[in-house]
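Have a look at the structure below, then the notes.
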2 protein chains.
Amino acid sequence: MQKQIHGRPYEERNNKPHFTPCAPNAVLARLGDKWTILVMSHLALAPGHRLRFSELKNGIDGITQRMLTLTLRNLERDGLLERDYFPEVPPRVEYHLTEMGASMLPALEGFTSWIRNNWPNIEACRARYDQRNA
Amino acid sequence: MQKQIHGRPYEERNNKPHFTPCAPNAVLARLGDKWTILVMSHLALAPGHRLRFSELKNGIDGITQRMLTLTLRNLERDGLLERDYFPEVPPRVEYHLTEMGASMLPALEGFTSWIRNNWPNIEACRARYDQRNA
DNA sequence: CGGTATCCGGCGTGATACTG
DNA sequence: CAGTATCACGCCGGATACCG
């Protein structure tokens with residue numbers, strides 16, 4: 001059984017942990033980009049975890065059509081949501097979380113709840129740090 | 001460094017401040033950058049959650065001095081770790097997790113364990129998606 | 001030993017125009 | 001309505017050199 005921490009396999013080398021190239025970072029990087037977590041949050045709240053393109057666009061303040069499309073494509077590529085195209089007039093496109101996408105929500109919520117609880121403190125630390133270095 | 005008002009990041013749009021989407025995104029973005037998670041993981045495993053600069057540098061494969069310094073400064077600014085300078089000859093600098101930094105570890109572990117369990121599936125989805133669009 | 005300072009290339013993001 | 005195509009720009013991160 002390989003040793004792991006934070007989902008990252010590592011080996012002991014000279015009595016020190018040495019991490020093999022890194023998977024969880026890729027997921028965190030995806031969620032950490034500018035819009036992904038907002039898209040996931042909106043779908044998490046929506047009935048049936050399902051929204052159409054325009055609902056996402058109107059619900060997320062400031063996002064451009066291009067960035068919403070790119071964000072959705074990336075999530076679709078990762079298998080976290082699926083795209084449903086309805087060839088009506090005018091055309092309609094809906095996005096819904098996959099089973100895996102929905103299963104991510106509780107795990108993510110655990111972490112974001114820590115963030116919510118500690119965010120004021122983080123902001124205070126940043127302000128103090130910036131003031132000291134002014 | 002990002003523009004800030006009251007410790008909150010924002011961007012100028014039409015000469016008016018427009019706040020970037022949400023707080024969780026800021027933390028996820030920090031953790032999602034190239035080296036932060038690796039630094040946190042090493043400190044998580046270290047006795048006393050404490051390591052000196054050179055131990056981190058040698059333990060994290062491929063990181064440059066510059067990027068390690070920047071990563072540590074950002075974590076220090078957020079109040080997740082503290083820097084201890086010992087004016088010896090040669091000088092020695094240690095970094096240790098703060099109480100808040102240590103409290104983040106279990107919350108983060110919950111999420112990264114989900115990633116660990118689902119990463120193979122994500123990789124498979126990506127491969128399928130890329131093949132379909134080749 | 002543990003940093004800064006400087007330069008530079010790549011990529012993520014935004015603005016805008018066009019399309020089925 | 002829900003995209004794509006194109007161009008521009010800022011910033012992250014890498015390489016290198018120098019410092020207390």
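Here is how names work: the chains are called A, B, and so on, in the same order as the sequence lines, proteins then strands, and each is numbered from 1.
- Nucleic acid contact for A:Tyr95: sugar-phosphate only, since backbone atoms but no base atoms lie under 4.0 Å from a heavy atom of the residue.
- Straight-line distance from the CG atom of A:Asn133 to the P atom of C:dT4: 10 Å, rounded to whole Å.
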Polar atom pairs between nucleotides 8-10 of chain C and protein, under 3.5 Å, N or O only, would you list them?
none

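- Taken residue by residue, residues 66-73 of chain A places heavy atoms nearer than 4.0 Å to DNA chain C at A:Arg66, A:Met67.
- In the set D:dA2, D:dG14, C:dG3, the nucleotide with an atom closest to the side chain of A:Arg83 is D:dA2.
- A close approach under 4.0 Å does not occur between any side-chain nitrogen or oxygen of A:Arg92 and OP1 or OP2 of D:dA2.
- Put simply, CZ on B:Phe53 is 6 Å from C1' on C:dG2, counting in whole angstrom units.
- With rounding to whole Å, A:Asp33 atom CG is found 15 Å from D:dC11 atom C1'.
- Ranked by how close their nearest DNA chain C nucleotide is to the 5' end, A:Gln65 and B:Arg52 are led by B:Arg52.
- Distance A:Glu88 CD to D:dA2 C1': 13 Å, rounded to the nearest Å.
- In terms of hydrophobic clustering, with Ile, Leu, Val, Met, Phe, Trp and Tyr side chains grouped at heavy-atom distances under 4.5 Å, B:Tyr95 and B:Tyr85 are assigned to a common cluster.
- Going from atom CD of A:Glu55 over to atom C1' of D:dG3 covers 17 Å, rounded to whole Å.
- Residues B:Thr69 and B:Arg66 fail the side-chain proximity criterion, which asks for heavy atoms closer than 4.5 Å.
- Between atom CZ of residue B:Arg73 and atom CG of residue B:Leu68 there is a gap of 9.0 Å, rounded to the nearest 0.5 Å.
- Dashed line: the shortest gap from a side-chain N or O of B:Tyr85 to OP1 or OP2 of D:dG20 is not under 4.0 Å.
- Of the side-chain N and O atoms in B:Lys34, one or more sit less than 4.0 angstrom from OP1 or OP2 of D:dG14.
- Looking at heavy atoms from C-beta onward, B:Met40 lies out of side-chain contact with B:Ile37 at the 4.5 angstrom threshold.
- B:Glu109 and B:Arg116 are joined by a salt bridge, as a carboxylate oxygen and a charged side-chain nitrogen come within less than 4.0 angstrom of each other.
- The closest side-chain heavy-atom distance from A:Leu56 to A:Leu72 is below 4.5 Å.
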Subject >> CA sep, side-chain torsions, deciding dist, call: B:Asn118, A:Met104, side chain to side chain contact (heavy atoms under 4.5 Å, CB included) >> reply: CA-CA 9 Å; B:Asn118 289 273; A:Met104 197 186 72; over 6 Å; no
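- More than 12 heavy-atom neighbours from other residues, nucleotides or ligands sit within 6.0 angstrom of CD on A:Glu88.
- The distance between atom CG of A:Asn74 and atom P of D:dG3, rounded to the nearest whole Å, is 14 Å.
- Rounded to a whole Å, the CG atom of A:Leu56 is 14 Å from the C1' atom of D:dG3.
- Open room surrounds CD on B:Glu99; 12 or fewer heavy atoms of other groups in view lie less than 6.0 Å from it.
- To the nearest angstrom, C1' of C:dG3 lies 12 Å from NZ of B:Lys57.
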